[in-house]
Amino acid sequence: MIADPWTPAIHLPAFFGVELLYPHYVLRGTFTGDYRLLLNEFNRLHEDPAVCQAVNRLGVTHFVQVPDGPYFDGSTRSAPRPGLYGVDTSKGFTLLARSGDLTVWRVDACRDGADPRS
């Protein structure tokens, strides 16, 4: 499950036993390779095949979407993690749950044989 760790999504493992790709915000500076690619580019999965390849290598099956909001330094949450915001979920995603501003989607765009552009 991919989610911004600076949002209420960080509590999902405690309540539902799910595994987050980014389990804690303190670790954000240590991500490399596919982890960093998705932090910066997940919102391009419909355009960039490398994003779906990273999704598949890391076993990402779900996406937790929250609206952008203020960050502690006065910027926005999306500033250090732009790939987790502005994701087009109108195609290639299946809505599973919604509570307030938090939405859980199944990522279908990157499944075997799926065309992420459709």
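Computed from heavy atoms alone, side chains included, the values below leave out hydrogens, waters and symmetry copies.
- In plain terms, the two heavy atoms of Cys110 and Val55 that are nearest each other are CB-CG1, 3.9 Å.
- The salt bridge (Lys or Arg N to Asp or Glu O under 4.0 Å) contacts involving residues 3-18 comprise Asp4-Arg81, where partners must be two or more places apart or lie in separate chains.
- Of the possible donor and acceptor atoms, none in the side chain of Asp48 sits under 3.5 Å from a partner among the backbone N and O of Arg44.
- In this structure the side chain of Val51 reaches within 4.5 angstrom of the side chain of Leu38, judged on heavy atoms.
- Side-chain contact check for Met1 versus Val60: every heavy-atom pair is 4.5 Å or farther apart.
- The side-chain heavy atoms of Tyr85 and Asn43, taken from C-beta on, include no pair separated by under 4.5 Å.
- Here the side chains of Gln65 and Leu102 are not in contact, with every heavy-atom distance at 4.5 Å or above.
- Between Tyr71 and Trp6, the ring planes lie perpendicular to each other; the angle is over 60°, past the 30° to 60° tilted range.
- Contact check for Arg111 versus Arg106: side-chain heavy atoms found under the 4.5 Å cut-off.
- Within 6.0 Å of CG on Asp101 lie no more than 12 heavy atoms contributed by other residues, nucleotides or ligands.
- By the criterion of side-chain heavy atoms lying less than 4.5 angstrom apart, applied directly or through intervening Ile, Leu, Val, Met, Phe, Trp or Tyr residues, Leu39 is grouped together with Phe63 in one hydrophobic cluster.
- What you find for Pro5 and Ile10 is that their closest heavy atoms are O-CB, 3.6 Å.
- Proximity of His46 to Asp88: side-chain heavy atoms (C-beta onward) are separated by under 4.5 Å at one or more points.
- Between atom CD of residue Glu47 and atom CG of residue Leu45 there is a gap of 7.5 Å, rounded to the nearest 0.5 Å.
- Distance CG/Leu21 to CD1/Ile2: 5.5 Å, rounded to 0.5 Å.
- We find the CG-CD distance between Leu84 and Glu41 to be 11.0 Å, quoted to the nearest 0.5 Å.
- When all heavy atoms are compared, the tightest approach of Cys52 to Ala109 is SG-O, 4.0 Å.
- Among all heavy-atom pairs drawn from Pro80 and Asn40, the shortest one is O-OD1, 4.3 Å.
- Inter-residue side-chain proximity for Phe42 and Val107 is flagged as met; some heavy-atom pair is nearer than 4.5 Å.
- With contacts defined as side-chain heavy-atom distances shorter than 4.5 Å, the pair Trp105/Arg98 qualifies.
- Minimum interatomic distance between Tyr22 and Tyr35 (heavy atoms only, all atoms of both residues): OH-O, 2.6 Å.
- Rounded to the nearest 0.5 Å, atoms CG (Asp108) and OG1 (Thr61) are 10.0 Å apart.
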